[in-house]
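The analysis underlying the following values was restricted to heavy atoms, covering all of them including side chains, and did not include hydrogens, waters or symmetry mates. In what follows, chains are A, B, ... by sequence order, proteins preceding strands, each numbered from 1. These numbers come from a predicted model, not from an experiment.
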2 protein chains.
Amino acid sequence: MATVSRVLSSKPGNQSVRPETRRRVLEVVDRVGYRPNDLARALLQDRTATVGLVLPDISNPYYPPLVRGVEDAASALGYRVMLCNTDRDENKTAAYVDTLIKTRVDGIVIAGGSTSVGMLHRVLEPYRTKVVVVGRHQLEYPSVQVDNVAAVHEVIEYLTGLGHRRIGFVAGPASSITVQDRHEGYRAALRAAGIEYDERLVREGDLQEQSGYDIASALAAPPSRPTALVAANDRMAVGAMAALIDAGLRVPDDVSLVGFDDVSLASYLRPALTTVSVPTYDMGCAAMELLSRELEGGGQAAGTESRALSTTLMLRDSCAASPD
Amino acid sequence: MATVSRVLSSKPGNQSVRPETRRRVLEVVDRVGYRPNDLARALLQDRTATVGLVLPDISNPYYPPLVRGVEDAASALGYRVMLCNTDRDENKTAAYVDTLIKTRVDGIVIAGGSTSVGMLHRVLEPYRTKVVVVGRHQLEYPSVQVDNVAAVHEVIEYLTGLGHRRIGFVAGPASSITVQDRHEGYRAALRAAGIEYDERLVREGDLQEQSGYDIASALAAPPSRPTALVAANDRMAVGAMAALIDAGLRVPDDVSLVGFDDVSLASYLRPALTTVSVPTYDMGCAAMELLSRELEGGGQAAGTESRALSTTLMLRDSCAASPD
DNA sequence: TTGTAGGCGTTATCAA
DNA sequence: TTGATAACGCCTACAA
């Protein structure tokens with residue numbers, strides 16, 4: 001048994017097995033299709049080489065690239081990934097975290113603001129499970145972020161540069177910090193541009209296409225129609241574009257439109273959607289790498305390391321000079 | 001120890017613990033945040049309550065709903081899900097399967113034709129790991145399917161009903177069985193409609209938007225331009241629509257367009273995309289349920305059970321009578 | 001260079 | 001009703 005173990009988990013400085021023996025072992029291993037049981041190994045070494053990935057909903061096109069990033073990095077670093085969709089539901093989140101603890105995952109990547117990171121902290125307290133957060137900026141855990149506030153600033157500057165003053169905003173639910181930051185950035189950027197915040201130009205959607213459609217339809221009514229619309233994500237932007245077209249308005253001639261996320265279809269819409277590209281794939285990779293560093297790094301590691309990635313405004317065809 | 005175990009894993013017919021003791025145990029469990037180690041449990045019971053989900057690429061919008069389906073069903077049935085993106089790469093697939101065996105997952109849901117199910121079979125042979133396949137129709141494993149051939153038939157019938165005779169096809173790579181079936185269905189349906197298969201109207205893409213764009217651009221050249229185009233998936237259809245519009249053609253007046261999958265954005269394109277809705281979420285659920293049945297079902301179970309779900313042609317605005 | 005023994009955290013069995 | 005013990009499959013000392 002011990003010899004087989006030595007052959008199979010041959011570490012660099014560990015050559016105490018005769019070549020001939022090694023060969024024989026490998027021959028049998030191959031013949032019977034033997035695979036060491038990682039459960040037993042994990043039990044002994046107190047390390048599962050598995051991480052949990054907790055996010056609101058993989059069906060939201062924002063997440064798949066992030067998941068790929070996490071998984072590709074995990075795979076490269078020798079970790080497995082367990083997927084957990086919470087729908088931002090506290091109960092589901094708690095249940096998943098419970099499960100993750102029971103399987104003794106080494107770490108957890110948590111993306112998309114579950115409101116209760118405090119809860120997480122308390123539950124995880126007796127364990128060594130490391131946590132990395134994506135898209136939030138709290139001090140308890142290391143995080144990977146993007147400056148959404150600055151990103152909106154860039155958008156608003158671009159639009160005001162085109163002469164727009166009445167700029168509407170298709171907001172998202174309070175449960176998403178990312179989306180809240182975009183909303184906050186919108187207010188701040190307007191202020192910076194000397195434009196008063198007009199709440200009649202803002203409506204809150206649920207990040208799905210239909211709500212973008214409904215909101216744009218409502219906002220498109222003549223009395224106070226904005227000349228430009230910024231949506232908190234591309235899905236709502238797509239819905240909004242459909243609504244504007246259906247209302248007989250031309251994009252961008254009558255109304256300019258800007259999205260957020262740069263999902264893969266954005267550049268194939270007609271007009272192609274101007275939007276803010278968020279490096280979600282890279283964020284996923286970075287998160288996993290941060291987590292790995294925490295884990296390999298022995299002790300409680302470098303406190304609250306944090307990594308900031310930058311967004312890019314993708315100028316395409318959905319914006320034009322204000323008709324005013 | 002034994003008492004704590006009894007309290008925590010109280011099975012129905014297993015009440016041999018004094019209420020007062022139970023209370024005390026639970027009190028301490030709660031106080032110290034104790035969670036049983038599922039690794040040890042799994043080691044002993046030879047059951048991990050974990051399944052692997054193997055698919056080509058979560059970034060392909062076809063998959064997220066399927067993944068949700070698998071995960072929701074898994075969660076409801078008490079299983080965890082490990083995610084594996086293979087990119088249809090044999091090596092990655094083999095490596096992931098290896099990992100899954102080492103962690104002793106109870107079963108594997110494999111979606112999207114990896115060519116080497118034979119390999120899978122051989123590697124898995126020494127283990128009790130159950131497998132369910134989504135979207136393929138082979139006899140080794142139970143499967144969940146959709147009749148892609150029939151779906152294309154319906155599309156072609158619809159188009160011929162609108163007077164189309166020159167119908168192009170934006171095909172996909174041979175590595176995807178689903179997409180091959182759609183291609184096969186296209187040939188068969190044309191034949192059934194008495195239309196000759198014209199290979200100049202068919203080009204193979206890679207399922208991404210850009211290839212749809214390129215193919216539609218090529219096909220839009222005047223000499224032999226088709227009056228209708230069917231794409232093997234929505235992403236390519238979106239690219240194709242952009243290409244047609246860019247070529248100065250009107251959809252659907254000059255060219256009708258049909259997609260496949262009914263991704264969430266399809267109905268928000270303008271014109272709204274007529275496409276075949278595939279119940280991917282339900283397929284995911286069904287796959288996990290099938291797998292669970294195999295697992296709970298004790299022995300090697302009901303041979304090769306198989307479940308077929310049906311598609312729906314979503315009539316929207318991207319098709320019109322042939323201009324011919 | 002190889003073999004033996006102990007223990008990781010559970011649960012099942014058997015004794016008390 | 002509760003406690004002690006063996007075993008799940010592996011790895012790491014330590015002995016041979």
Open item on the list: At less than 4.0 Å, is any side-chain N or O atom of Thr3(A) found next to OP1 or OP2 of dG3(C)? Yes or no.
Closed with: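 For dG3(C), OP1/OP2 do have a side-chain N/O of Thr3(A) under 4.0 Å.
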Rounded to whole Å, please give me the gap between [atom1] in [X] and [atom2] in [N].
| X | N | atom1 | atom2 | value |
| --- | --- | --- | --- | --- |
| Tyr127(A) | dG9(C) | OH | P | 11 Å |
| Arg104(A) | dT10(C) | CZ | C1' | 11 Å |
| Arg41(A) | dC8(C) | CZ | C1' | 14 Å |
| Leu39(A) | dT10(C) | CG | C1' | 12 Å |
| Leu8(B) | dG9(C) | CG | C1' | 13 Å |
| Asp46(B) | dG9(D) | CG | P | 7 Å |
| Arg128(B) | dC8(D) | CZ | C1' | 13 Å |
| Arg47(B) | dT11(C) | CZ | P | 13 Å |

Open item on the list: What contact category does Arg35(B) fall into here, base, sugar-phosphate, or nothing, at under 4.0 angstrom with non-hydrogen atoms?
Closed with: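 Touches sugar-phosphate only.
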Task: Ionic contact status for Arg23(A) with Glu27(A), cut-off 4.0 Å - done: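 Result for this pair is no, no salt bridge flagged.
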Open item on the list: Under 4.0 Å between a side-chain nitrogen and a carboxylate oxygen: does that hold for Arg80(B) and Asp38(B)?
Closed with: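 Yes.
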Open item on the list: Nearest heavy atom decides the nucleotide; on that basis, is Met1(B) or Leu43(B) closer to the 5' end of DNA chain D?
Closed with: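 The residue mapped nearer the 5' terminus is Met1(B).
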Open item on the list: Quick check on DNA chain D: between Leu44(B) and Ala2(B), whose nearest nucleotide comes earlier from the 5' end?
Closed with: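 Result: Ala2(B).
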Task: Test item: side-chain donor near acceptor, Asp72(B) and Tyr281(B), under 3.5 Å - done: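 Short answer, yes.
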TODO: Sequence neighbours left out, what passes salt bridge (charged side-chain N to carboxylate O under 4.0 Å, His left out) with Asp57(A)? Give chain and number order.
DONE: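 Here the qualifying residues are Arg68(B).
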Task: Listed partners of Arg35(B) passing salt bridge (charged side-chain N to carboxylate O under 4.0 Å, His left out), at least two apart - done: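 Applying salt bridge (charged side-chain N to carboxylate O under 4.0 Å, His left out) to Arg35(B) gives Asp98(A).
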Open item on the list: Minimum heavy-atom separation for Asn233(A) and Asp261(A), please, with both atom names.
Closed with: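 What the structure gives for the nearest pair is CB-OD2, 3.5 Å.
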Open item on the list: Rounding to 10°, can you tell me the angle the first-five-pair axis of the helix from dT1(C)-dA16(D) to dA16(C)-dT1(D) makes with its last-five-pair axis?
Closed with: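 About 50° separates the two local helix axes.
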TODO: Report the nucleotide, chosen from dT1(D), dC10(D), dC11(D), that has the shortest atom-to-atom distance to any side-chain atom of Arg18(B).
DONE: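 Ranking dT1(D), dC10(D), dC11(D) by closest atom to the Arg18(B) side chain puts dT1(D) first.
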TODO: Looking only at side-chain atoms of Asn37(A), point me to the closest of dT2(C), dT10(C), dC10(D).
DONE: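 Between dT2(C), dT10(C), dC10(D), the one nearest the side chain of Asn37(A) would be dC10(D).
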TODO: Mark yes or no for whether Arg88(B), through its side chain, and Ser175(B), through its backbone, hold a donor-acceptor pair below 3.5 Å.
DONE: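 It does hold such a pair.
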